[in-house]
Visitor: 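Here you go, one structure.
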There are 2 protein chains.
Amino acid sequence: MAETKKLEIEESTIIRTAAIAKALGHPARIAILKILAGQNSCFCGDITEILPLAQSTVSQHLKALKDAGLINGTVEGVRTCYCLNPDGIKELNEFLSRLSTDLMSTCC
Amino acid sequence: MAETKKLEIEESTIIRTAAIAKALGHPARIAILKILAGQNSCFCGDITEILPLAQSTVSQHLKALKDAGLINGTVEGVRTCYCLNPDGIKELNEFLSRLSTDLMSTCC
DNA sequence: TTTCTTAATCGTAATTATACGATAAAAATA
DNA sequence: TATTTTTATCGTATAATTACGATTAAGAAA
């Protein structure tokens, strides 16, 4: 039973880790995160000017990052102000560094 | 020019980071990496017994991990012996921890 | 009120990912 | 040699991703 429970926890960790990694799994989304890290807030239009992508595509990537819990978006009038979500970024750090540790410890 | 060069380097880093993250972006592949970390070598058939996936599907995931440089496969007679690729895992650790650091430093 | 701006969503097309069974190839075994 | 074992690959179906332009909705400005 303890075994089963441990397995369930492990599995949900795997699923969450994979979901975070998936959100990072496109150059545009990595770039967006770095842009948001460089300034403490940003609008979709600003990102669209920086990246060689259409506004609708940038909006889609922003949605993916938001769904993964890595960024927040707060409506400010006609625009939406995006910024990194501290909780999500902490989770990203925790889950991925834990994975790295697990893999490194038995490998390198 | 220094600026342009820096940008190119940055972009290749972003692309590689995204590629590594993409390889991690599926629960089955995270599970496979953990299985390989638990023992220093493994055959496709062993993994197929552990995971609820068909042999051909496991083989596909192994190929994805190999293409991303995260695992090695050496043919041993009729079987293939898979194990973590230390270089790839080091890269994983470097690129993702650097990303975490970049995002954490301005966020949390 | 009308026009403009901004971002989300819709519709769509093309590509990629995921999963499976079936098959093929190569080595081990009978 | 014939059979078995193991894994990669093929063929295929379905779903998801990625990208774009067009449209919509909501607020700001004229």
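Below, chains carry the letters A, B, ... as their sequence lines are ordered, and counting in each starts from 1.
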Visitor: Using heavy-atom distances to pick each residue's nearest nucleotide on DNA chain D, tell me which of G77(A) and G25(A) is more 5'.
Guide: G25(A)
Visitor: Nearest-nucleotide wise, let me know which of S56(A) and Y82(B) is further upstream toward the 5' end of DNA chain D.
Guide: Y82(B)
Visitor: Any side-chain N or O of R29(B) less than 4.0 Å from the OP1 or OP2 oxygen of dT18(C)?
Guide: yes
Visitor: Mind calculating the distance between NE2 (H61(A)) and C1' (dT17(D)) to the nearest angstrom?
Guide: 9 Å
Visitor: Counting any heavy atom closer than 4.0 Å, what does K66(B) reach on the DNA or RNA strands: base, sugar-phosphate only, or nothing?
Guide: nothing
Visitor: Any chance you could lay out the side chain to side chain contact (heavy atoms under 4.5 Å, CB included) test for R16(A) and S12(A), step after step, and finish with the verdict?
Guide: CA-CA 6 Å; R16(A) 179 64 184 137; S12(A) 76; over 6 Å; no
Visitor: Could you please name the option among dT6(D), dA19(C), dT5(C) that lies closest to any side-chain atom of V78(B)?
Guide: dT6(D)
Visitor: Taking 4.0 Å as the cut-off, does a side-chain nitrogen or oxygen of H26(B) come that near to OP1 or OP2 on dA19(C)?
Guide: yes
Visitor: Donor-acceptor pair, distance only, cut-off 3.5 Å: does the side chain of N93(A) make one with the backbone of S100(B)?
Guide: no
Visitor: What is the nucleic acid contact for L62(A), judged by heavy atoms within less than 4.0 Å: base, sugar-phosphate only, or nothing?
Guide: nothing
Visitor: Measure the distance from NZ on K22(B) to P on dA16(D) and round it to the nearest whole Å.
Guide: 16 Å
Visitor: Once you round it to whole Å, what is the distance between C1' of dA8(D) and CZ of F43(B)?
Guide: 16 Å
Visitor: Ignoring backbone atoms, establish whether T57(A) has a side-chain N or O less than 4.0 Å from OP1 or OP2 of dC20(D).
Guide: yes
Visitor: Less than 3.5 Å between a donor and an acceptor, one on the side chain of Q60(A) and one on the base of dA8(C), is that the case here?
Guide: no
Visitor: How long is the line joining CD of E76(A) and P of dA7(C), in whole Å?
Guide: 10 Å
Visitor: Between C42(A) and L53(B), just flag the one whose closest nucleotide in DNA chain C comes earlier from the 5' side.
Guide: C42(A)
Visitor: If you look at every heavy atom in C42(B) and Q39(B), which pair is closest and at what distance?
Guide: SG-OE1, 3.5 Å
Visitor: State, with a plain yes or no, whether a side-chain heavy atom of L96(B) is found less than 4.5 Å away from one of L24(B).
Guide: yes
Visitor: Is there a side-chain contact between T80(A) and the phosphate of dA8(C), meaning an N or O under 4.0 Å from OP1 or OP2?
Guide: yes
Visitor: Q55(B) CD to dA8(D) P: how many Å, rounded?
Guide: 7 Å
Visitor: Whole-Å distance between dC20(C) C1' and L51(B) CG?
Guide: 15 Å
Visitor: Rounded to the nearest 0.5 Å, how far apart are CD1 of I30(A) and CD1 of I35(A)?
Guide: 12.0 Å
Visitor: So, OP1 or OP2 of dT7(D): does either fall under 4.0 Å of a side-chain N or O from K63(B)?
Guide: no
